[in-house]
Amino acid sequence: MDRRTISTRKGSKRKLEQDFEHENQDRHKIPATDTAAGYESHQKLTRHIQTQVDILNSSFSSLEADRAAARRATSVLSQFAKTEELVDTMVDCGAVPALVMHLQAPPPARGENGSKLYEHEVEKGSALALGLLAVKPEHQQLIVDAGALTHLVELLKRHKSVDNSRTVNGVVRKAADAITNLAHENSGIKTRVRIEGAIPYLVELLEHADAKVQRAAAGALRTLAFKNDENKNQIVECNALPTLVIMLGSEDTAIHYEAVGVIGNLVHSSPHIKKAVLLAGALQPVIGLLSSPCSESQREAALLLGQFAAADSDCKVHIVQRGAVKPLIDMLESSDVQLKEMAAFALGRLAQETHNQAGIAHNGGIVPLLRLLDSKSGPLQHNAAFTLYGLVDNEDNVADLIKVGGFQKLQYGEFIVQQTKDCVAKTMRRLEEKIHGRVLNHLLYLMRVAERNIQRRVALALAHLCAPDDRKVVFLDKNGLDLLLGLLESGSVKLQCDGSVALYRLATQASSVSPVDAAPLSPTPQVYLGEQYVNNPTLSDVTFLVEGKRFYAHRICLLASSDAFRAMFDGGYRERNAKDVEIPNIRWDVFELMMRFIYTGSVEINIDLAQDLLRAADQYLLDGLKRLCECTIAQVN
């Protein structure tokens, strides 16, 4: 079920019940014995309901006693209809045809002139009771088939009465409310309402002096416009848009809520109506509703702006220029999940336009959007992800997103639906494409001068995002590697894991070119820790014993260097957990040269050591070093 139809249904039923309770304060109280609470058995209730129905069936006349009896019976049945458990019982007792009959005035008595006793009140009570019965969808068609629509439309016309009293307004309002509930989520009845000629009268009622009548008419039009193109077109043809736009600016929250709902349903999947609504001047009042005290109006306004933003790029720009961004971002912090969802939806549409992207970030949109990635609501999470996808298209936003931890949020987030996962993957690819030129320079600047936690976030992101040609600059020349290695000593397990993953990523996916032109390139992608870490105890996590001397090394570097070391430290061998690993068959000077190659990617080979170094390279599956040795030996021969 569509979210908008849910809110429409709830709003209609609530309005009927609240109005009924308010009106009962001004008429005689129904005795306790006339209510459901006064009966101890369902049988007694059924008999009492049947009695009221029989009264209606026997009192359709202009006689004073009959009018008074009918008025009381419709009032009692309306009270019962508020209790959902009694609605089916009322229908089974024949309440529907009896109430429909009393939607019209009885025939005048002989010689009767002027107004009837309780004129409009019996009809109002009947419309109210039928509206409450229609809240249950299974009874909608029964009420329509009983002929209710024709009489309800006739009741709408009573606003033209010279006697424009509170009672007349009440019957008109109840007729509009009943139409709202009858047509709710029922396309056939929506069409019948149009055929019966209700729409022109409902549009006229938008200009009624009574605010409650305006609200009721707008509520009916809202329901009739939802997913019904013929109804939409007739509402627009009846010139409803100018009045609806004026209603958007009403200080009465109920009025502007219904007005924005009507407009939202009119423009949904109707580009020509969307254009007409914008031409009617709706944009600024809708933006104004983002600051409404009514959260439902805010939600509808945000949804409508998202629909406007899909029209064209100019409209996206105009929405931002007119001040929509800041209130939409503020709405992201709301406790109302649907409000946040609609705000993120609107921002997502706006963020697909280049000129808007920097503005959304500048107004503080990145951090709340990242927080929404943790939401347990799939639609909310997706709308936030889609907005971030748009924002990173602007190079000015990339560094801002990375420095607040946005890359880590995207990388490690738990996303509910596949569509969101795909969107995040596209965002990561877009980020990767942006890491060059001034964006990279900005990130390197942050890595040099920013606070420590920001430096680490940048280094972690660049380990996954920067191009192979930039890795030496980032991680060796600009000390990015030191930042990642420093994470391994952090007191936070999370940071240790992040650092390990980043180092492993560098070690396994980067590539390097050997500085010896005569030798072929090593086929193993590799990142070199550098000369300063050769036999350095700093952050060393494994020690080799060679000819009785200790040689300090780092597993992450060895794992990336060859399959032999990967098997040794990542397989089932005893060296996997050993702190000291003995190397029995290689001389110290040969082993040191081999390790220097592993850490730097290059080494000067003395011909006297070339044969022994070749055997060591072959033993540890170091193809690049083997080629260097073979090249050295071949040059001498």
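If you read the sequence from its start, that first residue is 1, and numbering goes on from there.
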When you measure from the side chain of Glu341 to the backbone N and O of Asn383, does any donor-acceptor pair fall under 3.5 Å?
-> no
Is there a side-chain contact between Leu440 and Val474, using heavy atoms and a 4.5 Å cut-off?
-> yes
Please confirm whether the backbone N or O of Gly348 pairs with a side-chain atom of Gln352, one donor and one acceptor, at under 3.5 Å?
-> yes
Rounded to the nearest 0.5 Å, how far does CD1 of Ile287 lie from CG of Leu248?
-> 11.5 Å
Please confirm whether the backbone N or O of Asn181 pairs with a side-chain atom of Gln140, one donor and one acceptor, at under 3.5 Å?
-> yes
CG on Asn169 to NE2 on His208, rounded to 0.5 Å = 4.0 Å
Please round to the nearest 0.5 Å and tell me the distance separating atom CD1 of Ile235 and atom CZ of Arg222.
-> 12.5 Å
Kindly indicate whether the side chain of Lys326, heavy atoms from C-beta on, has any atom under 4.5 Å from the side chain of Leu290.
-> no
Side-chain donor/acceptor of Arg456 to backbone N/O of Leu487, under 3.5 Å | no
Validation row: His464, Val501 side chains within 4.5 angstrom (heavy atoms) = yes
So, do Leu304 and Leu289 sit near enough that their side-chain heavy atoms are less than 4.5 Å apart?
-> no
Do the side chains of Lys190 and Phe226 get nearer than 4.5 Å, heavy atoms only?
-> yes
Look at the rings of His442 and Tyr445 and say which category their plane angle falls in: under 30° parallel, 30 to 60° tilted, over 60° perpendicular.
-> tilted
Side-chain contact test, heavy atoms from C-beta onward, threshold under 4.5 Å: evaluate it for Phe308 versus Leu278 and give yes or no.
-> yes
Lys/Arg N to Asp/Glu carboxylate O, Asp177 vs Arg173, below 4.0 Å = no
Is it true that a side-chain atom of Gln455 and a backbone atom of Leu483 form a donor plus acceptor pair closer than 3.5 Å?
-> no
Asp252/Arg215 salt bridge by N-O under 4.0 Å criterion | yes
Do the non-hydrogen side-chain atoms of Val392 and Asn397 ever get within less than 4.5 Å of each other?
-> no
